[in-house]
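These notes are about the structure you will find just below.
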Amino acid sequence: WGLMFAPNLNDIAPFTTIVSLLAFATTILACLLLKVSGATNFRPSFRYFHWSTALLGALLALTLGFYIDAVTSAVSIGVCLIIFGYVYIRGLTVSWGSIAQALTYHQVRKFLLRLDRRKEHVKYWRPQVMLLVANPRPAHPLADPLNS
């Protein structure tokens with residue numbers, strides 16, 4: 001609130017510029033992560049959108065912020081990371097999904113598609129055993145030889 005009562009507009013101009021650049025960089029990084037993760041609900045309407053231009057834009061925004069005022073940029077990024085850490089540690093329940101979940105889904109899907117039945121080899125064959133019991137807790141010792 002101290003910036004609100006600054007006698008000179010030039011005192012708050014670097015701060016507002018850096019906060020705007022930081023907001024732009026985080027938004028463009030979120031778009032970059034959504035594009036890289038292959039999220040199906042991410043369909044940018046900008047026809048020239050590409051992940052490399054998003055990365056370049058985010059890096060340029062952060063670089064420009066440090067060019068304007070390195071101390072204010074470092075403090076702003078630090079505050080942003082503290083807020084991110086607080087939200088991450090608190091584990092707030094949200095209904096719009098998570099980029100971590102999208103990245104995990106993308107990696108699992110990629111590795112599952114790499115499994116090709118035609119490339120199976122006899123040296124990787126393992127017996128598949130199904131153990132049917134009524135109560136699995138007391139029957140746990142029955143499955144011990146299967147994991148050796």
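Hydrogens, waters and symmetry mates play no part in the numbers below; they use all other heavy atoms, side chains included.
- Hydrophobic cluster membership differs between L64 and L59, with clusters built from Ile, Leu, Val, Met, Phe, Trp and Tyr side chains linked at under 4.5 angstrom.
- Judged as a side chain to side chain donor-acceptor pair (under 3.5 Å), the pairs with a partner in residues 65-85 (not counting sequence neighbours) are, in order, D69-T72.
- With sequence neighbours left out, the side-chain contact (heavy atoms from CB on, under 4.5 Å) criterion links A139 to V133, L142.
- At least one side-chain heavy atom of I83 sits less than 4.5 Å from a side-chain heavy atom of V79.
- Here side chain to side chain donor-acceptor pair (under 3.5 Å) pairs that include residues 25-35, with residues two or more places apart or in two chains, number zero.
- Judged as a side chain to side chain donor-acceptor pair (under 3.5 Å), not a single pair has a partner in residues 12-25 (not counting sequence neighbours).
- Nearest approach of A54 to L32, heavy atoms of both residues: CB-CB, 4.0 Å.
- Heavy atoms of other residues, nucleotides or ligands lying less than 6.0 angstrom from OH of Y105 number 12 at most.
- Between I68 and P14, the shortest heavy-atom distance links the atoms CG2-CB, 4.2 Å.
- Considering every non-hydrogen atom in both P44 and F49, the closest pair reads CG-CD2, 3.7 Å.
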Inset, instruction - May I have the step-by-step check of side-chain contact (heavy atoms from CB on, under 4.5 Å) for V71 and F66, ending in yes or no? - result: CA-CA 8 Å; V71 174; F66 277 101; over 6 Å; no

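- Under the side-chain hydrogen bond (donor to acceptor under 3.5 Å, both in side chains) criterion, S52 pairs with H50, not counting sequence neighbours.
- Cluster annotation: L55 and L33 are assigned to distinct hydrophobic clusters (Ile/Leu/Val/Met/Phe/Trp/Tyr, side-chain heavy-atom contacts under 4.5 Å, transitive).
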Inset, instruction - Could you check L21 against L62 for side-chain contact (heavy atoms from CB on, under 4.5 Å), going step by step and ending with a plain yes or no? - result: CA-CA 7 Å; L21 286 171; L62 293 174; over 6 Å; no

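- Scanning all heavy atoms of the two residues, the minimum distance from C80 to L22 falls at CB-CD2, 3.9 Å.
- Note on ring orientation: taking the six-membered ring where Trp is involved, the planes of Y48 and F46 are perpendicular (angle over 60°, cut-offs 30° and 60°).
- No more than 12 heavy-atom neighbours from other residues, nucleotides or ligands sit within 6.0 angstrom of OH on Y88.
- Here Y86 pairs with R90 under the side-chain hydrogen bond (donor to acceptor under 3.5 Å, both in side chains) rule; sequence neighbours left out.
- V36 and L29 fall within a single hydrophobic cluster, where Ile, Leu, Val, Met, Phe, Trp and Tyr side chains are chained together by heavy-atom contacts under 4.5 Å.
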